[in-house]
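See structure below.
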Amino acid sequence: MQPEVAERFAAEQGLTRQEYQRVLERLGRIPTLTELSIVGVMWSEHCSYKSSRLHLKKLPTRGKRILVGPGENAGIVDIGGGWAAAFKIESHNHPSFIEPFQGAATGVGGILRDIFTMGARPVAVLDALRFGPPDDPEAGAVNRRVIRGVVEGIAHYGNCIGVPTIGGECTFEPCFSANPLINVFALGVFRRDSIFLGAAKGVGNPVIYVGAKTGRDGIQGASMASAEFDEDSEAKRPNVQVGDPFLEKLLLEACIEAMRTGAILGIQDMGAAGLTCSTAEMGDRGGVGIEIELDLVPQREHGMTPEEIMLSESQERMLLVAERGRESEVVGVFAKWGLDAVEIGAVTGDGRLRVRHHGEVVAELENTFLSDDAPLYDRPRTAPLRTAPLDAPSLPDTGGPELLAALESLLASADLCSKRWIWEQYDYQVRTNTTAGPGSDAAVIRIKEAGVSLAMSLDGNSRYCVLDPRQGTWLMVAECCRNLSTVGAEPIAATNNLNFGNPERPEVMAQLVEAIEGLGDACRHFDTPITGGNVSLYNETLGDGVYPSPVLGIVGTLDHVEAPVGPSFRRAGDTLVLLGGILPGSGDRLVQRFGSSQYAKTVLGRTWGLPPALDADYEAAVQEATRRIVNRGLASSAHDLGSGGLAVALAECCFSPERIGAGVELQTTLGARETLFHEAPSRVLISVAAADIEETVRIAAGTGVEAAVIGQTQKSALSVRFNGALLFEASVDRLYDTWDTAFERLVEP
Amino acid sequence: MKFGVVIFPGSNCDHDAVYALSGNLGQSVTEIWHESEDLGDVDAVFLPGGFSYGDYLRCGAIARFSPVIRSVRNFARMGGLVIGVCNGFQILCETGLLEGALIRNRGLRFICRTVDVVPGTSNSPFTSNCRTDRPLRIPIAHGEGCYIADDATLDRLEAEDRIAFRYHGENPNGSRREIAGVLGVGRNVLGMMPHPERACDPAVGSSDGSAVFHSMIAAAEAARALHAA
């Protein structure tokens, strides 16, 4: 091949001039087209984490319950009783904008394969979604199409394969109009002694391809996810994979059954960069080489080139290494489920990935060259991008009627309204283990075999992070752990998805680094090591990037299999206790921090200042107090205070089927607006039967936490008195209708 | 009592049925693979929810040609108890063991929700333990659960007291005459969209669904007693 041709092809594969030079120097010859394709995709941002790897090392990854940390297909934690859980979060942002239904569907398919490739049966999915506003004057119609498509895609895949989608979150900002974020978390369970890893072993052992045939779909999906979008992005639609959940269901059952034969030594799904990534990574992890013959790869199209076969991201495929002589046991199981299982190569001892096509070697590369030697960039960074003003505008005084109207508009806002329209499209009950589903602070499933339950929460607040990425990330970790605490769960480990713009812009790189450092410190503080995750960069279209949007998933354990305490009030006459107090901490710069609140965004239509202050030790104490109170059965309900502050939390607690209301009496020197709507963390609203108040207060005091008694539950009305005067009284039914029906009106106007 | 739960490729509520019947209700359960024509010595067959064979073409349309369905048809003809839930209901309609058909929900969206259903009759081996004036809280989870049939068929079903369940309060999917479940001509075949197997355990929300299985157990015991006599 002519050097110029190779150089041009290298550039098309996304390799920079320097990266191409590196390939030339290492090989000492002009690479083949197949080799350039392989290097291009393995060194893409998506596969190599070349902009983030340096900083990801700052995250804590070890802990007493961590069985498998980052680097494998998913992290694994010990959940007790001889059982373990594998979990991970992954994004499918770029494909979901190009083709919302298939992009989101294959996002679910991909993360589920990451779980069952480790031997675990997937039992829960949660998703964190970020869209442009459905009522945006310009982009509204497109945003609604994306929202509907993504939700249907997730529902289609998850419902069909029979894994419940039990929770998540969904918020809206204009920056997500052309850059929606679709982050899917999945969790699976298995016995501790049946973990499978994605490492090839044993020279001479067969490398077996199983599942769907390879087609031309999804070629260069990983590269697409490593660049910004422009006007021509529509042309990338063929780069989006097409999913078949039925096939994945068969693959899931067949893999779990085949693993039981004991003949499988290593197994890995084919996700981003398909056959390339799976062969290179399996060889690399096992310290061996892999040689494959592409003619043997099951193909659904004629005349595919070696590059196309190696880069295809056709879905529902796995690669495994079996013990020589026992291939037929494995193949037999796949045949029972009607799936292809074909030996396409063997493990070698030379640490190389060797690819043949029609018998000829078309690529030969060292595994370490593709992985360890991948470029690593310490990209320049300045101060994090900031566009909002730091100082607060002067705010007009407000009375009771305005505050009630503000509460109603918050409850009707896309960010805070009920997302029932979304989650009712998901089968959140299948497998009959969901003891706390959508609408709970944390989703909970029981693991009957182990006698425990697992609680999960996904959190992230892009608005906080754009004002201060480090502080916003700290608050995210705190809220996630607090959500688990409200159901009584002990947080044990985390997975993260870092969604950012173009890291080649120093002010974006700064956001990324601040967030990672904040994440590392916060996860150390709350003792929730990171077991893996995903980095999604270049979430930009035509130069407009997303808010820095880290998303965190935390898993916690409960030592029982009963339904946990929920967020809504259970009966009239219980006492309302605000654990943490009306304003934890000093109240330092409260008005400036009010600029990051949902009230500022929704009611005032502007954002300024800083995210709320966080006293991390006090936060931990509040969580500890909450868990103790909940686990002693003292709380009838427990709900975390988050976006919209105390007022929104109060309203949400009233939304049980019985519509129990509350009579609240607030005594404070703060203004009424700030008291009701500020978003200081470290607060949990619980309702407690009269007989249990004394012990509740005693437990809180024992952990150094304020337990402010702020009123009582009552029938059907939410009334708020402020320093002795009635601020407002509202019908719970009316508030509920506002909150419950808003989303449908927004999405299907 | 011995239940046989049929497993098609794509079934995904099979596990839930097995757990409800054995774990919650203490009955004996055997799993029957779709390629098997041998139902063994089961007292009742359970066709679970899911997406049999991917539900390509039309829900349940491919399953009706499976080997196991041939046996289920004979089993039903001999008077055996057959219950089909969700995709199982769709399959029973496709096989012709039940009248009517299930089409996409009004609103065209998949719906997962716990709803109220009232038994339309207590004169069946599936509802004898139910009261027609007491709604049951049972979850639905389907995209194609809108029950339709022509007026003559609906009139006949009503005249013959073969409406097993109706939605109460709200009709979530637009089913004609609020029908959530129907009985076959011989009253020994039931198809229903709500999932009683998901409502056998208070820890996951409701145990109202167990009334259906308690009715079946009572019917099987009565049949055995009759046989012994």
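Just so it is clear, the structure is predicted and the values come from calculations on it, not from any experiment. Below, chains carry the letters A, B, ... as their sequence lines are ordered, and counting in each starts from 1.
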> Got a donor-acceptor contact below 3.5 angstrom from the B:Asn129 side chain to the B:Ala211 backbone?
Replying inline: no
>> For B:Ile138 versus B:Gly209, what's the shortest heavy-atom pair and its separation?
In response: CD1-CA, 4.1 Å
> Which bit of A:Val561 is near chain B, if near means a heavy-atom gap under 4.5 Å: side chain, backbone, both or neither?
Replying inline: backbone
With 3.5 Å as the limit, can you list every donor-acceptor pair between chain B and chain A, backbone and side chains included?
unit_1: B:Asn12; atom_1: ND2; unit_2: A:Asn159; atom_2: O; d: 3.1
unit_1: B:Asn12; atom_1: ND2; unit_2: A:Cys160; atom_2: O; d: 3.0
unit_1: B:Asp16; atom_1: OD1; unit_2: A:Arg431; atom_2: N; d: 3.1
unit_1: B:Asp16; atom_1: OD2; unit_2: A:Arg431; atom_2: N; d: 2.9
unit_1: B:Tyr56; atom_1: OH; unit_2: A:Asp244; atom_2: OD1; d: 2.6
unit_1: B:Tyr56; atom_1: OH; unit_2: A:Asp244; atom_2: OD2; d: 2.6
unit_1: B:Arg109; atom_1: NH1; unit_2: A:Glu748; atom_2: OE1; d: 2.7
unit_1: B:Cys112; atom_1: N; unit_2: A:Glu424; atom_2: O; d: 2.6
unit_1: B:Arg113; atom_1: NE; unit_2: A:Glu424; atom_2: OE1; d: 3.2
unit_1: B:Arg113; atom_1: NE; unit_2: A:Glu424; atom_2: OE2; d: 2.8
unit_1: B:Arg113; atom_1: NH2; unit_2: A:Glu424; atom_2: OE1; d: 2.6
unit_1: B:Thr114; atom_1: OG1; unit_2: A:Gln429; atom_2: NE2; d: 3.3
unit_1: B:Arg198; atom_1: NH1; unit_2: A:Asp427; atom_2: OD1; d: 2.9
unit_1: B:Arg198; atom_1: NH1; unit_2: A:Gln429; atom_2: OE1; d: 3.3
unit_1: B:Arg198; atom_1: NH2; unit_2: A:Asp427; atom_2: OD2; d: 2.8
unit_1: B:Asp201; atom_1: OD2; unit_2: A:Arg446; atom_2: NH1; d: 2.7
unit_1: B:Asp201; atom_1: OD2; unit_2: A:Arg446; atom_2: NH2; d: 3.1

>> Looking at B:Ser128 and B:Ala219, would you say the former's side chain and the latter's main chain have a donor-acceptor pair under 3.5 Å?
In response: no
>> Shorter than 4.5 Å, heavy atoms on both sides: which option in A:Cys160, A:Gly162, A:Ala563, A:Ala155 has the most such pairs with chain B?
In response: A:Cys160
> What's the verdict on side-chain contact (heavy atoms from CB on, under 4.5 Å) for A:Ile79 and A:Leu454, showing C-alpha distance, side-chain angles and the deciding distance?
Replying inline: CA-CA 8 Å; A:Ile79 59 171; A:Leu454 295 179; 3.6 Å; yes
> If every non-hydrogen atom of B:Pro119 is compared with every non-hydrogen atom of B:Val117, which pair is closest and at what distance?
Replying inline: CD-O, 4.0 Å
>> So which atom in A:Cys417 and which in A:Ala742 form the shortest heavy-atom distance, rounded to 0.1 Å?
In response: CB-CB, 3.7 Å
>> Go through it in stages, so that I can follow the logic: the residues are A:Val430 and B:Cys13, the test is side-chain contact (heavy atoms from CB on, under 4.5 Å), and I'd like the CA-CA distance, side-chain angles, deciding distance and then a yes or no.
In response: CA-CA 7 Å; A:Val430 65; B:Cys13 300; 4.2 Å; yes
